[in-house]
Every structure is written in structure tokens, then in C-alpha cells.
Amino acid sequence: MMKKKIAIAVAGLLILGTLGGFLLKGKAPEKEVGTQTATAAVERGDIRQAVASTGRVVSNLDVEIKCKASGQIAKLPFDVSDTVKTGDLLAELDPNDMLRVLRQAGVKVTASQARLDSAKQNLEIAKQNLATSEQRVKAAYESAQARAKDARARSERMKQLLEKKLTSQEEYDTTATSAIEAEVNMRNAAVAIEELKAQEAALEVKRQDVKLAETQVESDKIDQSIAQDRLNDTKVVSPMDGVVSSRPVQIGQIISSGTSTVGGGTTILTISDLSRVFVVASVDESEIGKVKEGQEAVITADAFPGKAFSGKVVQIAVKGVSASNVVTFEVKIEVTGQQKAMLKPEMTANVEIVAAQREGVLTVPVDAVTRKGHKFIAMLAKGEASEERAVELGINDGLKTEVVSGLAEGDTVTFRKSDANSKWSGGGQRVMIGGPGAPGGGRRH
């Protein structure tokens, strides 16, 4: 019985010892992993703050060449990568249909011109006939008027003689009849004068016929001019100097007009103006504030490893583009180097825009500066100890930061360098890239 009690007591002690060991192990202090104290000297050097982005190479201008006429392509003198000059023949369509239309228009012009000439001749004849008729009718009226007057006078004298019984009734009747006939002739002459007005109206109709014929000639000449233009439209010439960047058609292919079809017509060629080459890059909204027109840029492309091209910012979009809740702004950079022709449109390019650059300034590692409240603090080494020193910062490149004031060349600063690259160090906030201050960088409050 006594042995059982001793065995139970021993087992209980072993269990308590094991639990105590686990508890003691759980309370052991943790070691700080990946953190070490480092020192750095305040040095003079160059520092550059850059905004990195990617973009695509574009030409100065791309023009799609289309034909105003429709038809079958007969000539295509240029191919992709060929250089063209203003006025060079780029394409020609089969002109036979347009030639027939032009000849038909020419025949219409000839016919309408002949009708115009005939109308003019008829008008001249009518004018001459009217003038002759006017002279003849006026002369006949004057003559009839004179005879009527003479006949009336003779009739009056015979009447007086008859009253005095100095003539016979027969002679009086004869003179009276002659007077009446003379009056009738005079009235007929007057009617002939009135009939001249009808000839004048007919003459006006002939004048209108001439105008109509002239209008028809003008209309037919316009149709002829249109037909000539359509014939000319079968030839397409270059509107600019450039390089053929695409040619989606072939000789013998039938194309549609670029002006008379709903779809906009067939593109024959695309000409690119490569006198100026640009890179269109998308810059994140958090970086766009650092980018200004006129800033220098360094451009690289995967097609030319180790090759750098110089550039300059020439345009910044005023409106951003939102995609997947990310807002970017389009920045246009002109390639200014001598070898810019090496970059081809639609190539992918990497761009570093130099937002700010300093030469011969004091620099320290960015890890050496922390922020406490509204101040930036560096730990200045003083022998075995160190003291806090308020500093004013300029720009930084992510590795080094410019010290405007607070430290001198040759000073040594100490800092805690974390392998985990923590944003927090020594109770203060680590300095981040960018921020206000000097152009393109400085403090972030």
C-alpha cells in the first residue's frame, strides 16, 4: 500500500516538472530578427530623383491613305518601310471606267454648246426681223395716215361742191369711198404696229432660250469637271514626307471609296512621319505631381539592351485615365538623341523622367533619417554615444536623401538597419520617396 502512494507521488512530480518547463519556455524573451545597427558618413555626392514608367513609341504623325474613287488597284509603287516624298504616286486605280464617263461628259458639253450657238443665232435673226418689221410697219402707217388725210380732205371738198350743185353725186360717193378705204388702211397699219409687240415678246422668249442653253452648257461643263476630278482621283499621291508603315492591299484588289461609302473606304497605305519620335508613357497619379514639361528623360528599350536614349517631356495630359481603380496620366516624351530612328513605333519603352537632380550635395542613407512629429531626426555619432539632430531634407532617390541642413560633411550617423525593410525605425517613421521641399522631392508631413 505504501509503495503505491510513493509511485503516485513520483508520477505527479514528473508531470508538474514537465508543465513547468513548457511554461518557462513560453515566457522566454523573443530575439529581434534581421535588425542591426549600422553607421554611415555624411558625404557629398550627386543625387537624382526619377519617375519611372513604361510606354510605347509613337511617330509624330500617322496618316491613313485612302482613295476617293472605287475600283481595281493597277499600281502600288511603294511597300512597307519605303520612304516617300510629298506628291509621290502612292497608288493608281484602273482608269477605264472614269475615262468613259469623262468622254460622255465631253459629248454632252459639245451638244449643249451647239444648242447654245443655235439659240444665239435664232435670237440675232429675230432681232433683225423685228428691226426690219418695225421700219416697214412704221413707213406703211405713215403712208396710210397721209393718204387717209388726203382722202378726207378731198371728200370734204366734194361734199361742198355737191351742196353747191357743182359736182355730181357719183363723184362725191367715189371720193367718200376712197376716204373710207384710206381710214381702213391707216387702222390696219396701226394694227401692224401693235403686232410688233408680239414679235418683241417672242424675241424675249428667244433670249430666255439663250440663257437656258448657257445654263445647260455650264451644267454640262461642271459634270465634265467632276468626271475629270474622278479620273484624277484614281491616282493617289502622298500628302506628306514620311515612311510607309503599313500596306494592307495588293495590286488587283478592288477597293471602296473613302468618301462615298458608309464604312469609310479601304485603307491603302499608312504613312508615318518619323521626323520626330515620341514615347507615350502612363504615370501613376502619385508621381504625376513631380513631372513637369521640359524635364529630361532617359529611355531604354528591350530591343537594344544597354542602350539609352535621351528625351524631354513635351506634354502632360490634363485628365487622367482610370482602370481597375488605378488612375494614370499620359505623358508624352520626345526622343531627342541622334539615334532616335532606332526606335520603331509601337515598341515598348522604359522611361525614367528626371524630376530633380542635385550635384555635390550632402547625402545620407534614407534609413538614417526618421520622423518624429513634424521633424526629421538623424542620430549623430558622438564617440560611444549618439545624439538626436534635427535635419532638413531635400530630394531622395530611394537609397540616399539630400541633407539641406543639420549635418556637416564628415559627420557620422547611426541607424538601425532592418533586413525586413520596415517602414518604422527607432519609434519614428522612415523617410519615404518624394514629398514636398525642393522641386521633385523633400519632406513628407
Side-chain angles (χ1 to χ4, degrees), residues 48-66 78-84 90 238-249 258 263-357 397-398 433-434 440:
R48 184 179 72 175
Q49 187 179 56
V51 175
S53 181
T54 59
R56 62 187 181 91
V57 179
V58 298
S59 62
N60 182 43
L61 180 66
D62 293 321
V63 178
E64 288 187 351
I65 305 299
K66 299 182 179 181
F78 296 98
D79 207 339
V80 175
S81 299
D82 288 345
T83 300
V84 298
L90 300 179
S238 177
M240 55 183 278
D241 295 348
V243 177
V244 178
S245 55
S246 70
R247 198 194 80 173
V249 298
T266 306
T267 299
I268 300 174
L269 300 169
T270 298
I271 297 179
S272 298
D273 176 14
L274 299 179
S275 60
R276 300 174 69 187
V277 179
F278 300 89
V279 174
V280 179
S282 296
V283 177
D284 190 86
E285 62 177 328
S286 62
E287 302 283 348
I288 195 64
K290 304 173 188 176
V291 181
K292 302 291 185 295
E293 289 188 15
Q295 289 176 336
E296 300 296 326
V298 178
I299 302 164
T300 58
D302 294 341
F304 307 105
K307 177 70 177 175
F309 302 86
S310 59
K312 181 179 290 186
V313 177
V314 295
Q315 187 180 82
I316 303 171
V318 297
K319 183 179 180 181
V321 177
S322 179
S324 301
N325 294 325
V326 176
V327 178
T328 58
F329 289 80
E330 185 177 277
V331 177
K332 194 173 186 179
I333 301 118
E334 182 173 4
V335 184
T336 57
Q338 294 292 330
Q339 297 178 323
K340 61 184 179 182
M342 295 173 63
L343 296 176
K344 308 299 183 183
E346 301 305 323
M347 273 186 175
T348 300
N350 302 310
V351 178
E352 282 192 357
I353 301 171
V354 181
Q357 189 168 350
D397 60 4
I433 298 176

Determine the minimum heavy-atom distance between [X] and [Y], stating which atoms define it.
X      : Y      : result
Val277 : Val57  : CG1-CG1, 3.6 Å
Val291 : Ile316 : O-CD1, 3.5 Å
Ser238 : Val84  : OG-CG2, 3.8 Å
Val80  : Ser245 : CG1-O, 4.0 Å
Pro345 : Leu274 : CG-CD2, 3.9 Å
Phe78  : Val244 : CB-CG2, 4.1 Å

Quick one: list whatever passes side chain to side chain contact (heavy atoms under 4.5 Å, CB included) with [X], sequence neighbours left out.
X      : result
Ala341 : none
Lys307 : Phe304, Phe309, Gln339, Met342
Glu330 : Val280, Ala317
Ser286 : Asp284

Answer yes or no: does atom CG of Asp302 have more than 12 heavy-atom neighbours from other residues, nucleotides or ligands under 6.0 Å?
-> no

Taking the side chain as C-beta and beyond, is there a heavy-atom pair between Leu61 and Met240 under 4.5 Å?
-> yes

So do Asp273 and Asp241 actually touch side chain to side chain, heavy atoms under 4.5 Å?
-> no

With sequence neighbours left out, which residue pairs that include part of residues 310-329 fulfil the side chain to side chain donor-acceptor pair (under 3.5 Å) condition?
-> Ser310-Thr336

Once rounded to the nearest 0.5 Å, what's the spacing between atom [atom1] of [X] and atom [atom2] of [Y]?
X      : Y      : atom1 : atom2 : answer
Ile271 : Leu90  : CD1   : CG    : 4.5 Å
Ile268 : Lys66  : CD1   : NZ    : 10.0 Å
Ile65  : Leu269 : CD1   : CG    : 7.0 Å

Which residue pairs pass the salt bridge (charged side-chain N to carboxylate O under 4.0 Å, His left out) test when at least one of the two sits in residues 336-351, sequence neighbours left out?
-> Arg56-Glu346

Test side-chain hydrogen bond (donor to acceptor under 3.5 Å, both in side chains) applied to [X] - qualifying residues, sequence neighbours left out:
X      : value
Ser246 : Thr270
Thr300 : none
Thr54  : none
Ser59  : Asp62

Would you find a donor on one side and an acceptor on the other, under 3.5 Å apart, between the side chain of Ser53 and the backbone of Ser282?
-> yes

Kindly write out the residues that satisfy salt bridge (Lys or Arg N to Asp or Glu O under 4.0 Å) with Glu334, not counting sequence neighbours, or none if the list is empty.
-> Arg276

Where do Phe278 and Ile333 land on the side chain to side chain contact (heavy atoms under 4.5 Å, CB included) test, with the steps shown first?
-> CA-CA 5 Å; Phe278 300 89; Ile333 301 118; over 6 Å; no

Under 3.5 Å, which donor-acceptor pairs link side chains of residues 348-355 to any protein atom two or more places apart or in another chain?
from: Glu352; atom 1: OE1; to: Arg48; atom 2: NH2; distance (Å): 3.3

Val335/Leu343 under side chain to side chain contact (heavy atoms under 4.5 Å, CB included): CA gap, chis, key distance, verdict | CA-CA 9 Å; Val335 184; Leu343 296 176; 3.9 Å; yes

